[in-house]
Amino acid sequence: MSEEPVLIRSKWGTSRYVYNHRNPVGLALIILTPLLALGALFGMQAQSTWSEGELHDAVRKGTRDLEGKRHYTSLESDHSLLVAEAIRESGIGPGHGVDAREAEDGGYTVSTEDTGTEYCVRVTLTLGKQPPVLLPGAEDPPPPGPGTPAFYLSHATFSKGACH
């Protein structure tokens, strides 16, 4: 082993310590430190972007999670936030950057900035059992109209490609 220390004082006028290139351990640290830093950056970048497979799996799990779930909404509402939230909450992928846009045919086109693939998610809402009115002597209200918020059960399907 070399008699040189692993760390020496910098000769650039500061009192910082730097790796000593004359010591084999110091030379190894000089080479390994930037490689480890680059590996960590690439790992962080891979965790913060969507891959094609992650998006497919997240859309599949998100639509499965929407199946039979209760939502307080109206039939006329834009449910793109409902679709995007289900995909983000799937636990697959980075969890951000999901874009769900309502299409003219009533479906929702799901995509991300990181992928070129789009999926069409269709959500059907059926009126669920409404909670009873708790006021003494009050009658249950009539069924809600299309623009009136109520409890609906969702049923969702997806297919590859944008909605038309």
Side-chain angles (χ1 to χ4, degrees), residues 1-74 76-125 128 149 151-164:
M1 189 90 168
S2 173
E3 296 293 322
E4 293 280 335
V6 175
L7 296 171
I8 58 172
R9 286 200 184 267
S10 173
K11 295 179 183 174
W12 291 88
T14 63
S15 61
R16 294 181 314 136
Y17 282 90
V18 296
Y19 296 131
N20 184 359
H21 67 279
R22 292 186 192 100
N23 183 300
V25 174
L27 184 59
L29 290 172
I30 289 170
I31 295 168
L32 289 176
T33 301
L35 294 176
L36 291 173
L38 284 173
L41 289 174
F42 281 121
M44 287 173 34
Q45 191 269 341
Q47 289 179 352
S48 66
T49 58
W50 285 93
S51 70
E52 301 288 339
E54 285 176 333
L55 179 60
H56 177 267
D57 293 344
V59 170
R60 180 177 47 194
K61 185 168 183 328
T63 55
R64 195 171 51 228
D65 292 347
L66 280 174
E67 192 63 33
K69 192 171 182 184
R70 281 176 53 123
H71 305 282
Y72 187 73
T73 185
S74 70
E76 295 177 350
S77 296
D78 178 12
H79 299 105
S80 58
L81 290 176
L82 183 96
V83 172
E85 180 182 349
I87 293 169
R88 281 192 299 270
E89 289 179 353
S90 70
I92 301 171
H96 59 81
V98 176
D99 182 35
R101 301 174 310 281
E102 187 172 17
E104 293 178 11
D105 66 352
Y108 299 92
T109 301
V110 176
S111 63
T112 67
E113 289 182 2
D114 304 325
T115 60
T117 307
E118 295 179 321
Y119 292 93
C120 181
V121 176
R122 299 195 183 282
V123 178
T124 307
L125 298 173
F151 288 98
Y152 289 92
L153 296 175
S154 61
H155 306 283
T157 60
F158 79 98
S159 60
K160 191 170 183 176
C163 300
H164 298 286

Between Ser90 and Gly62, the two heavy atoms sitting closest are CB-N, 4.3 Å

Any donor-acceptor pair under 3.5 Å from Thr33 side chain to Ile30 backbone: no

Indicate whether any N or O donor in one side chain lies under 3.5 Å from an N or O acceptor in the other, for His56 and Thr117. no

With no hydrogens and no angle check, is any side-chain donor or acceptor of Glu104 less than 3.5 Å from a backbone partner on His164? no

Working to the nearest 0.5 angstrom, can you tell me the gap between His96 NE2 and Thr49 OG1? 8.0 Å

Got a second to check how far His21's NE2 is from Glu4's CD, nearest 0.5 Å? 8.5 Å

Distance-only polar pair, side chains of Ser111 and Arg101, donor-acceptor under 3.5 Å: yes

Could you tell me the separation between the OG1 atom of Thr112 and the CD atom of Glu118, rounded to the nearest 0.5 Å? 9.5 Å

Given the rule in the side chain to side chain contact (heavy atoms under 4.5 Å, CB included) test, do Ile8 and Val18 qualify, once you have shown the distances and angles that lead to the verdict? CA-CA 6 Å; Ile8 58 172; Val18 296; 4.0 Å; yes

Tell me whether Ser154 contacts the main-chain N or O of Leu66 through its side chain, where contact means a donor paired with an acceptor under 3.5 Å. yes

Distance-minimising heavy-atom pair for Arg9 and Tyr17: NH2-OH, 3.4 Å

Heavy-atom donor-acceptor pair, Asn20 side chain to Gly26 backbone, under 3.5 Å: no

Between Tyr119 and Lys160, what is the shortest heavy-atom contact and its length? CD2-CA, 3.7 Å

What one should report as the nearest heavy-atom pair of Glu54 and Pro94 is OE1-CD, 4.1 Å

Under the salt bridge (charged side-chain N to carboxylate O under 4.0 Å, His left out) definition, can you give me all pairs with a residue in residues 77-94, not counting sequence neighbours? none

Roughly how far apart are Leu41 CG and Leu36 CG, rounded to 0.5 Å? 11.0 Å

Could you measure the distance from the CG atom of Leu125 to the NZ atom of Lys69? Nearest 0.5 Å is fine. 12.5 Å

Closest heavy-atom pair and its distance - Trp50, Thr115: O-CG2, 3.7 Å

Does the Tyr152 side chain pair with the main chain of Thr73, one donor and one acceptor, at a distance under 3.5 Å? no

Before you tell me yes or no, could you show the steps for Arg70 and Leu153 under side chain to side chain contact (heavy atoms under 4.5 Å, CB included), namely the whole-Å CA-CA distance, both residues' side-chain angles and the distance that decides it to 0.1 Å? CA-CA 5 Å; Arg70 281 176 53 123; Leu153 296 175; 3.3 Å; yes

Euclidean distance, Ile87 CD1 relative to Leu55 CG, rounded to 0.5 Å: 7.0 Å

Sequence neighbours left out, what passes side-chain contact (heavy atoms from CB on, under 4.5 Å) with Cys163? Give chain and number order. Ala103, Asp105, Thr109, Cys120

Looking only at non-hydrogen atoms, find the nearest pair between Val110 and Val98 and report the distance. CG1-CG1, 4.1 Å

